[in-house]
K.L.:
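A single structure is presented below for examination.
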Amino acid sequence: RFRARDLHLGMGTTSGKPVRYRVTLDGEAPGADAGVDVKADGPGTAQGQRLYQLIRHRGPVDEREFVIEFLDPGVQAYAFTLG
(Lines give C-alpha, C1' and ligand atoms only; values in the text may rest on other atoms or scores of the structure.)
Protein backbone atom coordinates (compact mmCIF):
# COMPACT_ATOMS: atom_id res chain seq x y z
CA ARG A 1 0.00 0.00 0.00
CA PHE A 2 1.19 3.51 -0.72
CA ARG A 3 0.02 7.10 -0.92
CA ALA A 4 1.96 9.17 -3.46
CA ARG A 5 1.72 10.55 -6.99
CA ASP A 6 4.64 8.46 -8.33
CA LEU A 7 5.92 4.97 -7.49
CA HIS A 8 9.36 3.93 -8.77
CA LEU A 9 11.42 0.78 -8.32
CA GLY A 10 15.18 0.59 -8.70
CA MET A 11 15.86 -2.66 -10.52
CA GLY A 12 17.72 -4.45 -13.28
CA THR A 13 18.66 -7.99 -14.24
CA THR A 14 21.32 -10.41 -13.08
CA SER A 15 22.25 -11.56 -16.60
CA GLY A 16 21.51 -8.50 -18.73
CA LYS A 17 18.60 -10.39 -20.35
CA PRO A 18 15.19 -8.67 -20.20
CA VAL A 19 12.86 -9.62 -17.35
CA ARG A 20 9.14 -9.19 -17.92
CA TYR A 21 6.84 -7.97 -15.14
CA ARG A 22 3.18 -7.14 -14.65
CA VAL A 23 1.80 -4.34 -12.48
CA THR A 24 -1.64 -4.01 -10.93
CA LEU A 25 -3.14 -1.10 -9.06
CA ASP A 26 -6.00 -1.92 -6.70
CA GLY A 27 -6.23 -5.37 -8.31
CA GLU A 28 -6.57 -4.08 -11.90
CA ALA A 29 -4.38 -2.89 -14.76
CA PRO A 30 -3.15 0.64 -14.02
CA GLY A 31 -4.75 2.20 -17.11
CA ALA A 32 -4.17 5.97 -17.21
CA ASP A 33 -2.12 5.73 -13.97
CA ALA A 34 0.61 3.61 -15.61
CA GLY A 35 4.10 5.06 -15.34
CA VAL A 36 6.37 5.50 -18.35
CA ASP A 37 7.81 1.98 -17.87
CA VAL A 38 4.44 0.19 -17.77
CA LYS A 39 1.79 -0.19 -20.46
CA ALA A 40 -1.79 0.75 -19.56
CA ASP A 41 -2.77 -2.96 -19.40
CA GLY A 42 0.04 -3.67 -16.89
CA PRO A 43 3.08 -5.26 -18.59
CA GLY A 44 6.63 -3.91 -18.59
CA THR A 45 10.21 -5.09 -19.07
CA ALA A 46 13.30 -4.51 -16.93
CA GLN A 47 16.53 -4.41 -18.90
CA GLY A 48 19.25 -2.13 -17.57
CA GLN A 49 20.00 -1.18 -13.97
CA ARG A 50 17.96 1.99 -13.35
CA LEU A 51 14.94 3.54 -11.68
CA TYR A 52 11.67 2.44 -13.33
CA GLN A 53 8.54 4.62 -13.09
CA LEU A 54 5.72 2.14 -12.50
CA ILE A 55 2.84 4.37 -11.38
CA ARG A 56 2.04 8.03 -12.15
CA HIS A 57 -1.33 9.11 -10.73
CA ARG A 58 -3.28 11.36 -13.05
CA GLY A 59 -5.96 12.27 -10.49
CA PRO A 60 -6.16 12.91 -6.76
CA VAL A 61 -3.64 11.04 -4.61
CA ASP A 62 -5.32 8.43 -2.40
CA GLU A 63 -4.07 5.31 -0.63
CA ARG A 64 -3.69 2.57 -3.25
CA GLU A 65 -2.53 -1.05 -3.41
CA PHE A 66 0.30 -1.83 -5.82
CA VAL A 67 1.45 -5.32 -6.86
CA ILE A 68 4.32 -6.25 -9.17
CA GLU A 69 4.69 -9.82 -10.44
CA PHE A 70 7.94 -10.86 -12.12
CA LEU A 71 7.26 -13.22 -15.02
CA ASP A 72 10.87 -14.24 -15.68
CA PRO A 73 13.76 -15.16 -13.35
CA GLY A 74 16.80 -12.98 -12.87
CA VAL A 75 15.49 -9.65 -11.57
CA GLN A 76 17.44 -7.53 -9.11
CA ALA A 77 15.07 -5.23 -7.22
CA TYR A 78 16.54 -2.72 -4.78
CA ALA A 79 14.21 -0.07 -3.41
CA PHE A 80 10.86 1.58 -3.99
CA THR A 81 10.81 5.37 -4.10
CA LEU A 82 7.72 7.54 -3.88
CA GLY A 83 7.19 11.05 -5.15
Side-chain angles (χ1 to χ4, degrees):
R1 300 196 71 77
F2 74 103
R3 183 184 189 100
R5 175 135 345 257
D6 296 305
L7 185 144
H8 300 87
L9 177 59
M11 64 179 165
T13 66
T14 58
S15 67
K17 294 180 182 177
V19 172
R20 297 171 302 138
Y21 57 85
R22 181 181 9 239
V23 166
T24 59
L25 190 60
D26 298 327
E28 300 181 6
D33 291 326
V36 297
D37 295 302
V38 175
K39 294 181 182 176
D41 59 344
T45 305
Q47 294 184 39
Q49 300 281 340
R50 66 181 181 86
L51 194 61
Y52 289 79
Q53 184 188 56
L54 303 177
I55 300 294
R56 171 71 173 161
H57 283 293
R58 305 295 188 242
V61 174
D62 292 322
E63 187 170 306
R64 310 290 295 269
E65 182 177 275
F66 165 83
V67 173
I68 186 167
E69 175 186 7
F70 295 101
L71 306 175
D72 300 309
V75 71
Q76 291 179 316
Y78 299 104
F80 284 104
T81 65
L82 305 172

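Side-chain atoms are counted along with the backbone in the values below, which use heavy atoms only and exclude waters and symmetry mates. Treat the numbers as computed from the prediction; the structure is a model and nothing was measured.
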K.L.:
With side-chain contact (heavy atoms from CB on, under 4.5 Å) as the criterion, how do Asp37 and Arg50 come out once you've worked through the C-alpha distance, each side chain's angles and the decisive distance to 0.1 Å?
P.N.:
CA-CA 11 Å; Asp37 295 302; Arg50 66 181 181 86; 2.7 Å; yes

K.L.:
Drop me the distance from Ile55's CD1 to Thr24's OG1, to the nearest 0.5 angstrom.
P.N.:
8.5 Å

K.L.:
Are the side chain of Gln53 and the backbone N or O of Gly35 linked by a donor-acceptor pair below 3.5 Å?
P.N.:
no

K.L.:
Looking at Val75 and Thr14, what are the two nearest heavy atoms and their distance?
P.N.:
O-CG2, 4.3 Å

K.L.:
Would the number of heavy atoms belonging to other residues, nucleotides or ligands and lying under 6.0 Å from CZ of Arg22 be above 12?
P.N.:
no

K.L.:
Mind checking the CZ-CG spacing from Phe66 to Leu9? Nearest 0.5 Å is all I need.
P.N.:
6.5 Å

K.L.:
Any salt bridge between Arg64 and Asp33, counting N to O under 4.0 Å?
P.N.:
yes

K.L.:
Could you go through residues 41-49 and list every donor-acceptor pair under 3.5 Å that involves a side-chain atom there, pairing it with any protein atom two or more places apart or in another chain?
P.N.:
residue : atom : partner : partner atom : Å
Gln49   : OE1  : Tyr78   : OH           : 3.3
Gln49   : NE2  : Thr13   : O            : 3.3
Gln49   : NE2  : Gln76   : OE1          : 2.6

K.L.:
Check Ala40 against Ala29 and note the closest heavy-atom contact, atom names and distance.
P.N.:
O-CB, 3.5 Å

K.L.:
Going by the side-chain contact (heavy atoms from CB on, under 4.5 Å) test, name the single residue among Leu25, Asp62, Leu7 that passes it with His57.
P.N.:
Leu25

K.L.:
Just verifying a value: how many Å separate Arg56 CZ and His8 NE2, rounded to the nearest 0.5 Å?
P.N.:
8.0 Å

K.L.:
Could you see if Val23 belongs to whatever hydrophobic cluster contains Phe70? Use Ile, Leu, Val, Met, Phe, Trp, Tyr and a side-chain cutoff under 4.5 Å.
P.N.:
yes

K.L.:
Just verifying a value: how many Å separate Glu28 CD and Glu65 CD, rounded to the nearest 0.5 Å?
P.N.:
11.5 Å

K.L.:
Hey, is the main chain of Gly59 close enough, under 3.5 Å, to the side chain of Arg5 for a donor-acceptor pair?
P.N.:
yes

K.L.:
What are the two closest heavy atoms between Pro30 and Val38, and how far apart are they?
P.N.:
CG-CG1, 4.0 Å

K.L.:
Nearest 0.5 Å, please: how far is CZ in Phe2 from CD in Glu63?
P.N.:
9.5 Å

K.L.:
Once rounded to the nearest 0.5 Å, what's the spacing between atom CD1 of Ile68 and atom CE of Met11?
P.N.:
4.5 Å

K.L.:
With distance as the sole test, does Asp6 use its side chain to make a donor-acceptor pair with the main-chain N or O of Leu82 at under 3.5 Å?
P.N.:
no

